[in-house]
Undergrad: 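Quick one: this structure, given as structure tokens, is what I'll be asking you about.
Bear in mind that the values here come from a model prediction, so they are computed numbers and not experimental data. Throughout, protein chains are lettered first and strands after them, A, B, ... in sequence-line order, and every chain is numbered starting at 1.
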Amino acid sequence: MKGKKIAIDAYNAIYQFLAAIRQTDGTPLMDSKGRPTSHLSGIFYRTINIVESGIIPVYVFDGKPPEEKSAELRRRIEIKEKAMEKYEQARKEGEIRSMKKYAQMSSRLTNAVAEESKELLQAMGIPVLQAPSEGEAEAAYLTHKGYTWASASQDYDSLLFGADRLVRNLTLSGKRKLPNKDVYVDISPQFIDFVTLAKKLELSREQLIDIGILVGTDYNPEGVKGIGAKTALKIIKKYGSIENAIGKDLDEKDIDFDYKHIRKLFLDPKVSEPNSTIEMENPNEDRIREILVNEHDFNEDRVANGIARLHKGMKISKNMERQTGLDKWF
DNA sequence: CTTACCTA
DNA sequence: TAGGTAAGG
């Protein structure tokens, strides 16, 4: 993927950092004022790795979520509140393992966390885009239109939103811990090309969306009762669409939501055209140091080392871009 | 999650 | 140099 621009679902990445970068008992990394810094650590070091590998990252931030997502957002808040209670209980009992698990589950991506992340990326000279609504939809649009070569997210929704290429596990660390166990599994980047996928499954994007709607999406979290991935695939393969299956393998009264409207949210999401060319810029070293070292107590030597790596990575990336640009002439 | 350090 | 582990803020 050297020399390619990749649209990164920023909230997806930040949320993972908030959940994962913690001590054994679940305490997040914090500065001397008690503010969380896990997101800054994750963004700083991973972005440097990505740039060093020759990829040009483009971070796409969420805007205002669509009204149709509010039930799902409420559901997530409830889960977090329950996790918070369980964390308290685990803390009283001194159950370190459980403390970490429930602390991770109660991670909240606050406004401050999102804004600080943007500021750090901008100081690093990394392109940042603000989506009007769903970041994942905007990233998919950028990829579909060729502004970026692929979208990076852990969520498969990217494909429903029309991303022609999806990269999962865009990270250099080759290990991931299995939930609740001391077992690590090897993780490597996973690349999904939509055309190849659609051919293999013999499904269109619309049909993939219908399968999603049957099993449940952010806009209808419950899905259709009794229908999981296997049945949904079977039904859409057999009838081609939800409407054709209603009255046959689908009972109309089980579909208590506007599936045509949800389909449209995926097919035609609110997105915007980028208002300038998407390029990396020279890092503002002083600003990076100001944010990480002065404001948030990062180790000066580590930050200096990171900045040096970032510089070198960008230089190679820029040279490569010039060369591939030249290649087009010959 | 990523880095830094230690051991074999 | 690979693999395991503690620390990072």
Side-chain angles (χ1 to χ4, degrees), chain A residues 1 6 8-55 57 59 61 83 96-97 99-110 112-121 123-124 126 135 152-155 167-190 283 285 287-314:
Chain A
M1 295 186 277
I6 298 197
I8 299 174
D9 180 358
Y11 271 44
N12 188 268
I14 294 169
Y15 185 78
Q16 285 179 24
F17 296 140
L18 290 177
I21 306 179
R22 288 169 183 269
Q23 291 169 226
T24 332
D25 65 357
T27 314
L29 297 192
M30 288 181 294
D31 61 21
S32 56
K33 289 182 177 160
R35 298 172 295 193
T37 55
S38 301
H39 56 301
L40 299 174
S41 177
I43 284 190
F44 185 61
Y45 293 115
R46 182 184 287 180
T47 304
I48 289 168
N49 283 333
I50 289 172
V51 172
E52 265 186 337
S53 77
I55 292 168
Y59 282 86
F61 282 78
I96 306 279
R97 273 227 94 74
M99 281 170 71
K100 181 162 188 184
K101 177 171 73 178
Y102 293 120
Q104 286 178 312
M105 286 175 72
S106 24
S107 310
R108 297 291 296 273
L109 208 168
T110 61
V113 163
E115 288 310 312
E116 288 161 10
S117 303
K118 271 184 216 172
E119 279 184 40
L120 175 61
L121 286 165
M124 292 172 76
I126 304 298
S153 172
Q154 293 305 96
D155 294 347
V167 180
R168 302 181 71 241
N169 308 325
L170 183 62
T171 145
L172 291 198
S173 135
K175 285 177 174 178
R176 180 163 305 164
K177 210 182 85 60
L178 256 35
N180 265 325
K181 297 190 181 97
D182 272 322
V183 179
Y184 285 81
V185 289
D186 281 332
I187 297 291
S188 50
Q190 179 188 13
E285 296 189 30
R287 184 68 188 128
I288 296 174
R289 262 192 292 271
E290 174 69 25
I291 295 172
L292 294 182
V293 180
N294 299 359
E295 288 180 31
H296 296 293
D297 308 318
F298 277 58
N299 179 285
E300 202 173 341
D301 293 340
R302 284 187 177 218
V303 171
N305 184 38
I307 292 174
R309 288 172 55 203
L310 183 64
H311 265 301
K312 204 176 284 178
M314 280 190 175

Undergrad: In whole Å, what is the span from the NE2 atom of A:His39 to the P atom of B:dC1?
TA: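 Taking atom P of B:dC1 as the reference, NE2 of A:His39 is at 17 Å.
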Undergrad: Please report, rounded to the nearest Å, how far the P atom of C:dG9 is from the NZ atom of A:Lys33.
TA: 17 Å
Undergrad: Looking only at heavy atoms, what is the nearest atom pair of A:Leu29 and A:Ser38, with distance?
TA: N-OG, 3.3 Å
Undergrad: What residues, two or more places apart in sequence or in another chain, satisfy side chain to side chain contact (heavy atoms under 4.5 Å, CB included) together with A:Arg35?
TA: A:Asp31, A:Lys33, A:His296
Undergrad: To the nearest Å, give me how far apart CG (A:Asn169) and C1' (B:dC1) are.
TA: 13 Å
Undergrad: Taking atom P of B:dT2 as reference, at what distance in whole Å does atom CZ of A:Phe44 sit?
TA: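 Atom CZ in A:Phe44 sits about 13 Å away from atom P in B:dT2.
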Undergrad: How would you label the contact of A:Arg22 with the nucleic acid (heavy atoms, under 4.0 Å): base, sugar-phosphate, or nothing?
TA: base
Undergrad: Within this structure, what is the CG-to-C1' distance between A:Asp25 and C:dG8, rounded to whole angstrom?
TA: 14 Å
Undergrad: Partners of A:Arg289 by side chain to side chain contact (heavy atoms under 4.5 Å, CB included), sequence neighbours excluded?
TA: A:Glu285, A:Asp286, A:Val293, A:Val303, A:Ile307
Undergrad: Taking 4.0 Å as the cut-off, does a side-chain nitrogen or oxygen of A:Arg309 come that near to OP1 or OP2 on B:dT3?
TA: yes
Undergrad: Rounded to whole angstrom units, what separation is found between the CG atom of A:Leu29 and the C1' atom of B:dC1?
TA: 10 Å
Undergrad: Could you state the CG-P distance from A:Asn49 to B:dT3, rounded to the nearest angstrom?
TA: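 Rounded to the whole Å, the gap is 4 Å.
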Undergrad: Using side chain to side chain donor-acceptor pair (under 3.5 Å) as the criterion, list what pairs up with A:Glu290, not counting sequence neighbours.
TA: A:Asn294
Undergrad: Among residues at least two apart in sequence or on other chains, which ones pass side chain to side chain contact (heavy atoms under 4.5 Å, CB included) with A:Ala304?
TA: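 Listed in chain order: nothing, the list is empty.
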Undergrad: Is there a side-chain polar atom (N or O) of A:Thr171 under 4.0 Å from OP1 or OP2 of B:dT2?
TA: yes
Undergrad: Using a 4.0 Å cut-off on heavy atoms, which residues in residues 300-308 of chain A reach DNA chain B? List them by number, or say none.
TA: A:Arg302, A:Asn305
Undergrad: Just to verify, what does A:Glu119 make a salt bridge (Lys or Arg N to Asp or Glu O under 4.0 Å) with, not counting sequence neighbours?
TA: A:Arg287
Undergrad: Using heavy atoms and a sub-4.0 Å distance, could you list which residues of residues 291-298 of chain A are near DNA chain C? By number, please.
TA: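 Result for residues 291-298 of chain A: A:His296, A:Asp297, A:Phe298, sorted by number.
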Undergrad: Just checking A:Pro36: base, sugar-phosphate only, or nothing, at a heavy-atom cut-off of under 4.0 Å?
TA: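 Nothing, no heavy atom under 4.0 Å.
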Undergrad: Atom CD1 of A:Ile48 to atom P of B:dA4: distance rounded to whole Å?
TA: 10 Å
Undergrad: Does A:Tyr15 have any side chain to side chain donor-acceptor pair (under 3.5 Å) partners at least two apart in sequence or in another chain, and if so, which?
TA: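 A:Lys80.
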Undergrad: Hey, are A:Thr47 and A:Tyr59 close enough side-chain-wise for a donor-acceptor pair under 3.5 Å?
TA: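 Yes, because at least one side-chain N or O of A:Tyr59 sits under 3.5 Å from a partner of the opposite role on A:Thr47.
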Undergrad: Under the side chain to side chain contact (heavy atoms under 4.5 Å, CB included) test, which residues partner A:Glu115, sequence neighbours left out?
TA: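 Partners of A:Glu115 under the side chain to side chain contact (heavy atoms under 4.5 Å, CB included) test: A:Lys118.
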Undergrad: From B:dC1, B:dT3, C:dG9, pick the nucleotide closest to the side chain of A:Ala20?
TA: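 In terms of side-chain proximity for A:Ala20, the closest of B:dC1, B:dT3, C:dG9 is B:dC1.
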